[in-house]
Amino acid sequence: MKHDMASSRPGSNGDPSKRVDIFDLITELRGRRQPFAVATVIETEGSVSAKTASKAVIDAAGNMLGGWVGGGCAEGAVRKAALDCLAAGRTAVLDLDLDDEVLGTGMPCGGTMRVYVEPFLPQPSLWILGHGRIAECLCLIGSELGFHVVVDDPDADREHYPAASLLITDDLDYSQLTPGTADFVVIATQHKGDHESLQTVLRRHVPYVGLVASKKRSRLVLDYLRKEGLDNGKLARVHAPAGLDLGACTPEEIALSVMSEIVLLHRGGSGTTMRKEAGKRDQSVGQALS
């Protein structure tokens, strides 16, 4: 398995009982692209064991990996809040009354505290299959947008894909093509096995699969996949041709149209112009005031 990674960090020792530097732990978890939450005590009053600015790191399973925000009086509530924040992708502020056992914070300790809980979710990966100028631009734009870019192609090299997080160059059967359920895949193989790579991708629960091809080629590929027995539910995940209608002509513009579509789906945008959206709001305000 030949991989060229832009950067890597050693894994955690897996022993939460050992004292670790919180910021080193955060850096390591981010480098390993693992979801976690950071809880920070922002206010205390009365008999509270934790101090302001005390921090703890909680993983996606609710384990306290490092740090401390108080003992049994607060830990359970903070861990639960961390899981809720990771699931919702939103921050939260906990108001803990440590005199009140009813709130579920544990054995009464005395005093109150406020804890800010912030989830850290890794950006989805952008998998690019193929090479050429469009693929190179997809890599560059995707990296600038914060995606973890993986280029899977025998001809990929660091010179042409300097912004890639990972290059895979020995994956002729796409066995190393392992996108997650929140990732995006763009096939830009220029017709060289795009129907085969599509079949491999569609075996996984990837929400977006973009095929960079002409309308005619896209139709031929989708027809082929139907004949191979792929159902309409799986084919509905294929965006062929990929991208928004920007009138794109150059490789750079085509890559921009594809990444625009990905951002639209990732962020839940409407796809209309901002001016049109502003006009709708102004009209709504005017109707409300009339």
Side-chain angles (χ1 to χ4, degrees), residues 1-8 33 122-180 182-204 206-222 224-225 237-266:
M1 182 182 295
K2 186 178 179 182
H3 288 182
D4 175 7
M5 299 191 69
S7 63
S8 62
R33 294 178 46 75
Q123 276 286 83
S125 292
L126 171 65
W127 290 73
I128 301 171
L129 278 60
H131 62 276
R133 185 57 185 163
I134 294 176
E136 292 169 12
C137 293
L138 285 168
C139 177
L140 180 61
I141 298 173
S143 176
E144 287 295 319
L145 292 174
F147 288 90
H148 179 262
V149 181
V150 182
V151 179
D152 188 341
D153 188 86
D155 293 328
D157 56 48
R158 188 56 64 183
E159 179 183 356
H160 292 90
Y161 299 93
S165 302
L166 173 65
L167 299 180
I168 303 176
T169 59
D170 61 344
D171 192 24
L172 296 178
D173 61 354
Y174 295 112
S175 60
Q176 299 174 50
L177 178 61
T178 56
D183 292 345
F184 298 84
V185 178
V186 179
I187 298 173
T189 53
Q190 302 179 57
H191 313 335
K192 297 175 183 178
D194 48 15
H195 56 293
E196 297 172 351
S197 56
L198 260 175
Q199 288 188 80
T200 303
V201 174
L202 291 176
R203 295 191 191 106
R204 298 183 171 274
V206 183
Y208 176 95
V209 183
L211 175 63
V212 178
S214 66
K215 291 181 180 180
K216 180 180 179 181
R217 177 64 186 177
S218 297
R219 185 174 64 255
L220 290 173
V221 170
L222 292 177
Y224 169 83
L225 294 177
R237 288 186 271 141
V238 181
H239 293 247
L244 299 182
D245 184 6
L246 303 180
C249 295
T250 67
E252 293 81 3
E253 291 173 345
I254 293 170
L256 175 62
S257 75
V258 174
M259 290 309 305
S260 296
E261 182 176 52
I262 288 175
V263 172
L264 173 72
L265 297 172
H266 179 45

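Everything numeric in this text was worked out from a predicted model, so none of it was measured.
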*asked:* I need the minimum non-hydrogen distance between G132 and Y161, along with the two atoms involved.
replied: N-OH, 3.5 Å
*Backbone N/O of S214 and side chain of S218: donor-acceptor pair under 3.5 Å*: yes
*Once you round to the nearest 0.5 Å, how far does CD1 of I128 lie from CZ of F147?*
10.5 Å
*Which pair of heavy atoms, one from P124 and one from H266, lies closest together, and at what distance?*
CG-CE1, 3.7 Å
*List the atom of S143, the atom of V149, and the distance in Å for their closest heavy-atom pair.*
N-CG2, 3.6 Å
*Should the heavy atoms of other residues, nucleotides or ligands under 6.0 Å from CG of D173 be counted, would the total exceed 12?*
yes
_Is the shortest side-chain heavy-atom distance between V151 and L166 below 4.5 Å?_
no
*Is any side-chain heavy atom of L225 closer than 4.5 Å to a side-chain heavy atom of L202?*
yes
*So, do R203 and T200 sit near enough that their side-chain heavy atoms are less than 4.5 Å apart?*
yes
*Could you check H160, E252, H131 and say which one makes a side chain to side chain contact (heavy atoms under 4.5 Å, CB included) with E136?*
H160
*Measure the spacing between CD1 of I134 and SG of C139 and express it to the nearest 0.5 Å.*
14.0 Å
*For D183 and S125, indicate whether the former's side chain and the latter's backbone hold a donor-acceptor pair under 3.5 Å.*
yes
*Short question: side chain of E253, backbone of C249 - any donor-acceptor pair under 3.5 Å?*
yes
*Roughly how far apart are L220 CG and Y224 OH, rounded to 0.5 Å?*
12.5 Å
*Within a strict 4.5 Å, meaning less than it, do heavy atoms of the V201 and L177 side chains meet?*
yes
*Does the side-chain contact (heavy atoms from CB on, under 4.5 Å) test come out yes or no for T169 and D153, once each step is laid out?*
CA-CA 5 Å; T169 59; D153 188 86; over 6 Å; no
*Donor-acceptor contact present, side-chain D171 to main-chain Q176, <3.5 Å*: yes
_Heavy-atom donor-acceptor pair, R204 side chain to G180 backbone, under 3.5 Å_ = no
*Would a 4.5 Å heavy-atom cut-off, applied to side chains only, mark S257 and D245 as touching?*
no
*May I ask you to check whether T250 and R133 show a side-chain donor-acceptor distance below 3.5 Å?*
no
*To the nearest 0.5 Å, tell me how far T189 OG1 sits from D152 CG.*
11.0 Å
*Heavy-atom check, side chain of W127 versus side chain of I187, under 4.5 Å*: no
*About how many Å separate CG of L222 and CG of L198, when rounded to the nearest 0.5 Å?*
7.5 Å
*Looking only at heavy atoms, which two atoms of L126 and G142 are closest? And how far apart?*
CD2-CA, 4.0 Å
*Using the ring of each side chain (for Trp, its six-membered ring), is Y208 parallel, tilted or perpendicular to F184, with breaks at 30° and 60°?*
tilted
*Under 3.5 Å, is there a donor-acceptor pair between the side chain of R33 and the main chain of H148?*
no
*So H239 and L265, side-chain contact (heavy atoms from CB on, under 4.5 Å) or not? Walk me through it.*
CA-CA 12 Å; H239 293 247; L265 297 172; 3.8 Å; yes
_So, taking the atom named CG in L167 and the one named CG in D155, what distance separates them when rounded to the nearest 0.5 Å?_
12.0 Å
*For R217 and A240, indicate whether the former's side chain and the latter's backbone hold a donor-acceptor pair under 3.5 Å.*
no
_Within-4.5 Å side-chain heavy-atom neighbours: L256 and L246_ = yes
*With a 4.5 Å heavy-atom cut-off, do L244 and L264 have their side chains touching?*
yes
